[in-house]
Amino acid sequence: MVSITTEYISVGGNRHPAAADWDVQSGILAYGADNNVALWDPLEESHRSVYSLLVGHTDKVSAVRFYTCPKTGIKLLITGSVDCTVRLWRAEPTDHRKFAHVLALTDHTGSVNAISINEGLDIVATGGADGTVKIWRIHAGESVGGELLESIPMKPRYFPLALALAPLPTETQDRPAALAVAGTTNIVQIYAAADTVTTPHFKISATLSGHEAWVRSLSFTADMQSNTGDILLASASQDKYVRLWRLNRGEAVVAGPDEDPVLGGLEPTLSNKAHQFEAAGSKYSMTFEALLFGNEDWIYTTAWNPNPERQQLLTASADNTLTIWEQDTVSGVWLSAERMGELSVQKGSTTATGSTGGFWIGLWSPDGKQVVSLGRTGSWRAWVYDAETDIWVQTLGITGHVRSANGIQWEPSGGYLLSTSADQTTRLHAQWLRDGKKSWHEFSRPQIHGYDLNCVDTLGPQRFVSGAEEKLLRVFNEPRPIAQLLEKLSGLAQNAEGELPDTAQIPVLGLSNQAVGEEAPVESDTVEAEGAGQAHAYQAILSNSTRPPLEDQLARYTLWPEHEKLYGHGYEISAVAVSHDRTVIATACKASSIDHAVVRLYDTSDWHEIRPSLAAHTLTITSLSFSPDDQYLLSVGRDRQWAVYRRSDSKPSAFALMTSNPKGHSRMILDADWAPALESQLSIFATAGRDKSIKLWQITGESVECKATIPARSSVTAVSFSPHAYDGLLFLAVGEDDGKLSIHQINVDNLEASPLVSFDRDHSPSKTITGLSWRPPSHLSEAGEGKENLELAVASEDTSVRLYSISNMVPEP
């Protein structure tokens, strides 16, 4: 029986302040990753990244909350999305780390921006871009149900972006509750319900003014210093301030601003007016408690430390800092006790390096001894509190693409995987081997660009070429510190072909990654020279590191210097392929006419273009592939045809059109791949198209014949042959438009194809498969006698890069 295990999932987080939650009981962190929900255990010793992606939403996930049903103790995950739905996922009884989709609530008519729960209440509040807050009661028993209790329209009309629920202090049997609502306005509204056990009727009870811009986050906590059960509310705003408000039972006696000499001359934003209201027969009042200032940009999230012994507030801000606020025990003044992150925006860093855009989410671990934050680059950073030294130490987080992953390619020996994406980065993934443990991580971010990247291929272990939404291709060289790091942590020994460059940095006004020290700095460039010296210092730290790089190191000090630019194309690059002997690069660009629908070849010895370019197509070429012996080059395109070019015997760098099939498929062809070299010396290739089919072709002499057609359920967007034939069988991985993955086995003798295995939909990507790549066999591990584990890397438009291990594919002899 073929078994498939997910070895690695790399996926970035959505830049939405409500799109993540860290569960207090299980320690699992769930976050929105495009239209999926990613599950990660940051406390796991193995440092494994995301272990599962929940598929169900049809648009970006914007709000995530864990919820435990008070009556049954059943754990649920509640998620909201831009698709206007709220979805409930139930933890499996046998394994609380796994969740299954059980219910969709479809009452919102706009994007769901906020979800609020409180462990002491059995109601859930959701806020949407339809300008309403909805109150739900969730029943979780044998089955899970959701009942809409109330829909509160926002008056004055605004979009709620932040919600917070809390039970009010009371001596009666009633369960009164307070709901704080804020969003695209500068006020915080307090709604109160007399009783949440029957049907709560929330009515507006107080309006808190003082903020000068939109309010992005609200959170309640019980005040530790209070004997009467007072509650504190933190509200954070785009005006760069956090305000604390005290909610207490009874009537507040507060001096008005006229009588208070301290507040007498101050602006009214610091007014200490008491807001009084009634609920369930008791009187309550809310007063302004403290102003927390020190941030230099918008504040996105606030979170109270779940450890009941420490009253600390965590804020995440667009100024790249995560701040922990504490009350001074003597004066009672709130001060920033700790600041983490990047405290200065360095000169010469681009937005892609993560130096701008700040932190969108800050979360506490269940024990309050660890914090994580999500930054602009979609990566999670983590800090752990070291009690001995009383400092917060940065530790390993997780990273991933935040837009469609468009291309993947293994290094020739399978030592590392390159992925490239529309988020304008190319990333290098490798395995960290230590003390019998293995885990996959991002080891380098070789390219940070100003254009969306479309395709990538390797030029040996220390060089790669990539194409983007621009007219040229770029070739990069591996820097020495990265080679040393991979050798040390991944066991990837590389034989350097010549001297490796030191390191690279992005110049202030350029797209090209320069090797540091390439240009002698002029006097006015002393800052840049200092930057280069700093880069060298960090490189030394990096090459001696005992763990994969942290996000700030990845974004700044793991760039690869650019070696060469390849010019010639008139439009954005659509495909690139490198011959197996690494002497020729074939490329194509987007085209709507015959003039641009050509294949251009480049000689890697001196990077000149090999003329003439190869013409056969009339529209964009979507994929290029060299045969295993490099004798043929295959191109397929949107004009429904494929073409095979043959290498010249007299001039090895030259290719000429051998044959083409203008009606290869009935609709556009999206991908193609060659079968591995066979003992029978047959040349076989597969083409896949929008017409929901895969065709197998065989070259005999000068002609090419279609030997088999494999039907598919939807458009086939990616195909890839396994690196070898096993016992007369070839394996073809197939990726479809809706994210479906399958493997077909093909008999080498007669090219008969039969489906071998379909991947479980819950463990497959949720959007179009953009690339498939089998790991080269030099890294295969033997799993039992005569059985080999094959590894398949998959890139998808759902922003994920995944690695699957597939065993028992080869039948017993």
How would you list, by chain and number, every residue that makes a salt bridge (charged side-chain N to carboxylate O under 4.0 Å, His left out) with D798, sequence neighbours excluded?
-> R802
Check side chain to side chain contact (heavy atoms under 4.5 Å, CB included) between K692 and all other residues, then give those that pass, not counting sequence neighbours.
-> none
Who passes side chain to side chain contact (heavy atoms under 4.5 Å, CB included) against T420, sequence neighbours left out?
-> T426, L453, V456
Salt bridge (charged side-chain N to carboxylate O under 4.0 Å, His left out) partners of residues 50-61, not counting sequence neighbours, each pair once | D34-K60
Among all residues two or more places apart in sequence or in another chain, which pass the side chain to side chain donor-acceptor pair (under 3.5 Å) test with S81?
-> D83
Listed by chain and number, what are the side chain to side chain contact (heavy atoms under 4.5 Å, CB included) partners of D603, not counting sequence neighbours?
-> S605, D606, H608, I610, S653
Pairing residues for H429 by the ring pair (Phe, Tyr, Trp, His ring centres under 6.0 Å) criterion, not counting sequence neighbours = Y8
Pairs meeting criterion salt bridge (charged side-chain N to carboxylate O under 4.0 Å, His left out) with involvement of residues 636-647, two or more places apart = D581-R647, R646-E702
Quick one: side chain to side chain contact (heavy atoms under 4.5 Å, CB included) partners of S764, sequence neighbours excluded?
-> F759, R761
Identify, with sequence neighbours excluded, every residue that meets ring pair (Phe, Tyr, Trp, His ring centres under 6.0 Å) alongside W674.
-> Y632, F685
Mind checking what makes ring pair (Phe, Tyr, Trp, His ring centres under 6.0 Å) contact with Y416, not counting sequence neighbours?
-> none
With sequence neighbours excluded, residues passing ring pair (Phe, Tyr, Trp, His ring centres under 6.0 Å) with F655 = F626
